[in-house]
Colleague: 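Please see the structure below; I have some questions.
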2 protein chains.
Amino acid sequence: MPPSRRRVETRRRLHEAALAVFAAEGFGRASVEQVCERAGFTRGAFYSNFASLDELFLAMWADRSNTLLEDLRRALEAADTADLTTARDVVELVDAAVGVDDAWYRVTAEFTAHALRTPGLREVVAQREDAIAGTLTPVLVSFLRRVGREVADPRALALALVAVHDGTTVQCLVEPDDPAARRRRLDLFEAVVLAYTTPGGDA
Amino acid sequence: MPPSRRRVETRRRLHEAALAVFAAEGFGRASVEQVCERAGFTRGAFYSNFASLDELFLAMWADRSNTLLEDLRRALEAADTADLTTARDVVELVDAAVGVDDAWYRVTAEFTAHALRTPGLREVVAQREDAIAGTLTPVLVSFLRRVGREVADPRALALALVAVHDGTTVQCLVEPDDPAARRRRLDLFEAVVLAYTTPGGDA
DNA sequence: CGTATTCGATACATTGGTGTATCGAGAGTG
DNA sequence: CACTCTCGATACACCAATGTATCGAATACG
């Protein structure tokens, strides 16, 4: 195996292990040792690739954020929009594409809290939020127009949906076996979409 | 000072210090030593009052949660409802009464994430969520009726507002000097209230 | 006034994690 | 085939935190 290729693979495995460990132990309690053990390396390998645990986390988080967002965008663009007739249909389609990732939610929530008290990190989270809204906006507008709803302020709608998503995700995870939480979440999504759009367009 | 009174005071000071340290260091990185130092005690005092840091945190969090919620309830019940004429007025009144506590948000968010991966703790968060909705419901219904809106499903509305509150709080804190975030939050609150109520009642 | 008790301080042993310095194997290169 | 360089392993010194065991002072109590 060529040396640089090996290095890439090592970093990848460390990323993977980091996500698992941060999810299992919590943001503040994950240690370099645990990550190395899970990845099947020693600390020597770690320090040869990253300067600190923070650096590894940041790289992993940014990387995975982008991947998830890109996957979502592709999934939505490739979605079958044939039988999309109501706002509710749009909501259910998007909700299904987003999914619920327990571990990722925890890691992101803890990182966000951490970022709020760490000057240099706040912007990282802000940019992420922005990227999500920016990615979601065009496909959302297009879907809604298709079901005959015109979006007045796309950015406001996207941010509102992100907020609702985050808020209801907690509720869904806190009561994991209550189907009502799931239904309430969809209802709320739908209500927001309807409130932020007007009938019109080519429905 | 009578011995039991002294003990109560010691515990109170430890609670206070715990909140500060957990907010400053993050849930996973707070240490017994830091809490003691800030409270002006040694670890001897700590272990004489609590079995572990977890125990102290839980006591502090539950205690303060109740206090905050009770304060909110009283503030709303004592609010001047004379010039309450629109749903927007209700939203602004409640929003002002709730306020935004940066440190408390971080601590609660991190604890929630922690609770999601700790079996015995999930229910604690669930009960809290429930208590908030339960406290908010009656006063909300009464306010809205006063401005001529009838609430179809009070519990659903309360939970929706909690979700929106949590989700938009992050957005407000991430962009602390963007007044637009604040406005978007109120708009979203209003939209949800309108969507979950119907005209009618004694307006 | 002396005795008992409560509560917090001190000291200690132990653990777990960090980061660095050094080493060795193995793959690319001329 | 030898030479070199990359990358991960090993070993070491260090620090921060934990929990317990013991001690001393202050207060209640007979």
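All chains are named by letter (A, B, ...) in the order of the sequence lines, taking the proteins before the strands, and each is independently numbered beginning at 1.
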Colleague: Report the residues that fulfil side chain to side chain donor-acceptor pair (under 3.5 Å) with B/R128, sequence neighbours left out, ordered by chain and then residue number.
Modeller: B/N66

Colleague: Quick one: side chain to side chain donor-acceptor pair (under 3.5 Å) partners of A/R106, sequence neighbours excluded?
Modeller: A/D102

Colleague: Can you see if the side chain of A/S48 gets near the phosphate of D/dT6 - specifically, an N or O under 4.0 Å from OP1 or OP2?
Modeller: no

Colleague: First locate atom CH2 of B/W61, then atom CZ of B/F22, and finally report the distance between them rounded to the nearest 0.5 Å.
Modeller: 13.0 Å

Colleague: Between atom CZ in A/R7 and atom C1' in C/dG26, what is the gap in whole Å?
Modeller: 16 Å

Colleague: Looking at A/R6, I'd like to know whether one of its side-chain N or O atoms comes within less than 4.0 Å of OP1 or OP2 on D/dC7.
Modeller: no

Colleague: Using a heavy-atom distance cut-off of less than 4.0 Å, which residues of residues 49-61 of chain B contact DNA chain D?
Modeller: none

Colleague: Please output the side-chain donor-acceptor pairs of residues 45-55 of chain B that fall under 3.5 Å, not counting sequence neighbours, one pair per line with the distance.
Modeller:
from, atom 1, to, atom 2, distance (Å)
B/S48, OG, B/R7, NH1, 3.4
B/N49, ND2, B/A45, O, 3.0
B/S52, OG, B/E55, N, 3.2

Colleague: Do any pairs count as a side chain to side chain donor-acceptor pair (under 3.5 Å) and have a residue in residues 112-122 of chain B, sequence neighbours left out, and if so which ones?
Modeller: A/E110-B/R117, B/H114-B/R117

Colleague: Got a sec, which residues hit side chain to side chain donor-acceptor pair (under 3.5 Å) with B/D95, two or more places apart in sequence or on another chain?
Modeller: B/R182, B/R185

Colleague: Using a 4.0 Å heavy-atom cut-off to protein, can you give one letter per nucleotide of nucleotides 9-17 of chain D, 5' to 3': B if the base is in contact, S if only the sugar-phosphate is, - if neither?
Modeller: BB------S

Colleague: Could you check how far CZ of A/R5 sits from P of D/dG8, rounded to whole Å?
Modeller: 14 Å

Colleague: Under the side-chain contact (heavy atoms from CB on, under 4.5 Å) rule, collect the residues that match up with A/T85, sequence neighbours excluded.
Modeller: A/D89

Colleague: Tell me, please, which residues at least two apart from A/R12 pass side chain to side chain donor-acceptor pair (under 3.5 Å).
Modeller: A/E9, A/E16

